[in-house]
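This report refers to the structure that appears directly beneath it.
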Amino acid sequence: MLKVVLFDLDDTLVDQEGASRAALLDWLPELGLGLDDPEELVAAWITIAEAAYERYQRREITFQDQRRVRVREFLGADATDDEADEPSRAT
């Protein structure tokens, strides 16, 4: 008999949205971006991240590529892969 246990981490067992928001707010000053309207930046990040992840789920891009897409689009930067992998260097 096969027994399986499934865990739904994103926003069930782990507060993914809260963790992403906190990480983004910590990252912005590192990039030299102001926090005049942090909620606008958080909303922009979420929109970009969701679209990139949907592309990954459709297997249009790799997991690493979706991470790079998020960084490039959020920063409006034409970063190399290495720069996008190290977001603090992408500016």
Side-chain angles (χ1 to χ4, degrees):
M1 172 186 282
L2 179 66
K3 294 184 180 183
V4 177
V5 176
L6 297 175
F7 294 96
D8 178 14
L9 297 176
D10 296 339
D11 290 324
T12 301
L13 296 176
V14 175
D15 179 10
Q16 176 67 29
E17 189 171 323
S20 292
R21 182 183 187 287
L24 179 65
L25 294 177
D26 284 346
W27 181 44
L28 293 175
E30 207 178 302
L31 298 171
L33 297 176
L35 294 177
D36 295 335
D37 190 354
E39 294 311 313
E40 183 178 324
L41 294 173
V42 169
W45 175 261
I46 289 170
T47 298
I48 291 166
E50 287 175 351
Y53 193 71
E54 286 173 11
R55 290 183 61 203
Y56 162 70
Q57 288 181 313
R58 290 190 304 264
R59 299 180 184 198
E60 295 173 4
I61 57 177
T62 67
F63 186 79
Q64 186 63 31
D65 286 340
Q66 66 89 27
R67 293 179 62 159
R68 292 171 178 153
V69 165
R70 292 183 304 179
V71 170
R72 288 178 179 128
E73 288 187 21
F74 183 74
L75 297 178
D78 188 24
T80 66
D81 287 351
D82 288 340
E83 290 170 332
D85 291 341
E86 294 280 336
S88 60
R89 295 186 343 204
T91 58

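What's counted below: heavy atoms across the whole structure, side chains too, no hydrogens, waters or symmetry copies.
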* To do: Report the C-alpha distance between Arg67 and Tyr56 in whole Å, list the side-chain angles of each, state the deciding distance to 0.1 Å, and finish with yes or no for side-chain contact (heavy atoms from CB on, under 4.5 Å).
  => CA-CA 10 Å; Arg67 293 179 62 159; Tyr56 162 70; over 6 Å; no
* Chi angles and distances behind the side-chain contact (heavy atoms from CB on, under 4.5 Å) call for Arg68, Asp65 -> CA-CA 5 Å; Arg68 292 171 178 153; Asp65 286 340; 3.4 Å; yes
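Distance check: Leu75 CG to Trp27 CH2 gives 4.5 Å after rounding to the nearest 0.5 Å. Atoms CD and CH2, on Glu40 and Trp45 in that order, are 16.0 Å from each other to the nearest 0.5 Å. Distance check: Phe74 CZ to Leu31 CG gives 7.5 Å after rounding to the nearest 0.5 Å. To the nearest 0.5 angstrom, Glu86 atom CD is 10.0 Å from Thr80 atom OG1. Taking CZ from Arg21 and CD from Glu39, the interatomic distance works out to 4.0 Å, rounded to the nearest 0.5 Å.
When side chains are defined from C-beta on, Arg70 does not count as touching Tyr53, because their heavy atoms never get closer than 4.5 Å.
Of all heavy-atom pairs between Pro38 and Leu25, the closest is CB-CD2, 3.6 Å. Of all heavy-atom pairs spanning Ala79 and Ala84, the tightest one is CB-N, 4.0 Å. Considering every non-hydrogen atom in both Val69 and Ala52, the closest pair reads CG1-CB, 4.0 Å. Here the closest heavy-atom approach between residue Leu24 and residue Leu41 is recorded as CD2-O, 3.8 Å.
Within 6.0 Å of the CZ atom in Arg58, the count of heavy atoms belonging to other residues, nucleotides or ligands exceeds 12.
Look at Arg72 and Asp81 and you find a salt bridge, because one of the NZ, NE, NH1 or NH2 atoms lies within 4.0 Å of a carboxylate O, short of that distance.
Side chain to side chain, Asp85 and Gln64 meet the donor-acceptor criterion of an N or O pair below 3.5 Å.
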